[in-house]
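Letters A, B, ... mirror the listed sequences (proteins, then strands); counts begin at 1.
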There are 2 protein chains.
Amino acid sequence: MTEVVTTKQDERESLSMAYSIPERRSTADIIFAQLRDEIMSLDILPGAKLSESEVAAKFGVSRQPVREALNLLSSEDLVTIQPQKATRVRKFSMARIDTARFVRRAVEVEVIKFACKNWSDLYRPGLERCMSAQDRAVATHDTQGFHVLDEEFHALLADVAQTPFAFARIKENKAYVDRICVLSLKNTDEMAVLVDDHRAIFEHITAQDAAGAEHVLRAHLARIEKTIEAVRLSNAEYFDA
Amino acid sequence: MTEVVTTKQDERESLSMAYSIPERRSTADIIFAQLRDEIMSLDILPGAKLSESEVAAKFGVSRQPVREALNLLSSEDLVTIQPQKATRVRKFSMARIDTARFVRRAVEVEVIKFACKNWSDLYRPGLERCMSAQDRAVATHDTQGFHVLDEEFHALLADVAQTPFAFARIKENKAYVDRICVLSLKNTDEMAVLVDDHRAIFEHITAQDAAGAEHVLRAHLARIEKTIEAVRLSNAEYFDA
DNA sequence: TTCGCCATACTACCATACAAGTTAGAGGCG
DNA sequence: CGCCTCTAACTTGTATGGTAGTATGGCGAA
């Protein structure tokens, strides 16, 4: 298999796809992906120190690839590099959160409009199957599975809109907010409300009612707010001043 | 190369109202900024090879900081790193262009809505001064200056909307498209049309007419399309298949 | 001539060593 | 006792050598 000769961009793209992770990657890429996962899942907490030497020892490699990984994480604002001092996992910043939510909302509102315009019954089975699966996830209290299905639903919307590229941006900003919500225990009632939202959005799109779909979507995306606020109060130590 | 005190980049950094990231101005950062400028201004053309050794020799430093700079450029999709083969300046991709335009439009439409909602006459002098300066730039055929003022105008809109953070995203995506338009000679007539758009947007915002402002903004952002198409035909060698 | 193989010269990648800045703590001095 | 200072142990930043993978050009054989 000489086909594994992919460029760095390809590797990282495939990471965001979450599926089909290539095997042959550079050491730096592996460490980057690993650290990123641990930061996103809060296995490494905000504020934690990430010494080049320590990480290098942990992975059994030299400092160089670790350094490159940390540089990339820094470019994603996941860590802060203080020269000659320390590298730390960046804490949550309300400004960053607001930006992420703002951009995500803006992009997805635009996506919804295209989805209404391009609606075809060809997309109906996929969306209905996804929502049914969400019902089952709620019934079985499968928060993990629901999270995956929720993301799939929004990906399907982007498919309908024929703007799959835009979903990458939605996902980016969604991921940052989701990282915070790991700290919050979602109960089944809240999940059920989200499924209702999905159904309402679906109905408006099938009716090609852009204004209605937008209205529900905005309310849908606003629901996360009280969760964020709760986490901010209960876990203030993970937030920037 | 250790005594790096002040460069012209410092002032440009201070312009961005971003977060208070401690400025680390290492050799790698300088090389990154320099290469980025040269790529963005097309001093280095798409497809050109960027060998670690050559760049290192050019700057009189070792390969390591150059390598880090290239990694960061790679994370911004400005270069492609082909392991053990070469590192090249990435060519234009229509998919990437469409994504950038889509996101920019989505975000700025949202910004405009907030601007209408939050309008106050306090913002009037700044915007009027900016538009007057644009008139002068058109009159003196100062395309360079117009470009700066155009960006300032859209930044001011974000100020009105009280979403300065969102402008960072607008600027990111705007920059990618602007890079292409370097290849196109803007004539004064086109610039005058853009100023008219700005005035129309301004009027709608002062009247707090969100729908009207959005309509003009969409038309405004669509004007670039024919420029892109022209460049794509006249400079096909800089585009990906 | 044309095809296939191999040596060679390139590339990015990784490891190691050294340099320079920061912080914390021990110890001397007022 | 309290404060200042200096040292030592961290940290990240840079330089350099060596390694593995890739493309290319030349040579030999069909």
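Rounded to an integer number of Å, the gap from CG of B/Asn71 to P of D/dG13 is 14 Å. Following rounding to the nearest Å, B/Leu72 (CG) and C/dA12 (P) show an atom-to-atom distance of 16 Å. Distance, B/Arg88 CZ to D/dA23 C1': 12 Å, rounded to whole Å. Across the protein-nucleic acid pair, B/Glu68 atom CD and D/dT16 atom C1' stand 15 Å apart, rounded to whole Å. Residue B/Asp29 contributes atom CG, which lies 12 Å from atom C1' of D/dT12 at whole-angstrom precision. Between A/Gln64 atom CD and D/dG18 atom C1' there is a gap of 14 Å when expressed in whole angstrom units. Rounded to a whole Å, the CZ atom of B/Arg67 is 16 Å from the P atom of D/dG13.
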Tabulated below should be each protein N or O lying under 3.5 Å from an N or O of nucleotides 9-11 of chain C; please produce it.
residue	atom	partner	partner atom	Å
C/dT11	O4'	B/Lys85	O	3.4

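With sequence neighbours excluded, the residues forming a side-chain hydrogen bond (donor to acceptor under 3.5 Å, both in side chains) with A/Glu229 are A/Arg232, listed by chain and number. For B/Gln162, the side chain to side chain contact (heavy atoms under 4.5 Å, CB included) partners are B/Asn118, B/Tyr123, not counting sequence neighbours. Qualifying side-chain hydrogen bond (donor to acceptor under 3.5 Å, both in side chains) partners for B/Arg96, counting only residues two or more places apart in sequence or in other chains: none. With sequence neighbours left out, A/Asp178 forms a side-chain hydrogen bond (donor to acceptor under 3.5 Å, both in side chains) with A/His147, A/Lys174.
Side-chain N/O atoms of B/Arg63 and base N/O atoms of D/dG18 include a donor-acceptor pair closer than 3.5 Å.
In the set D/dA15, C/dC14, C/dA12, C/dC14 carries the atom at the smallest distance from any side-chain atom of A/Thr27.
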Side chains of residues 98-105 of chain B: which donor-acceptor partners sit under 3.5 Å, not counting sequence neighbours?
residue	atom	partner	partner atom	Å
B/Thr99	OG1	B/Ala95	O	2.8
B/Arg104	NE	B/Glu108	OE1	2.7
B/Arg104	NH2	B/Glu108	OE1	3.0
B/Arg105	NE	A/Glu110	OE2	3.1

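Seen from the ring of B/Phe167, B/Lys171 does not count as a face-on cation partner, given the 6.0 Å and 45° thresholds.
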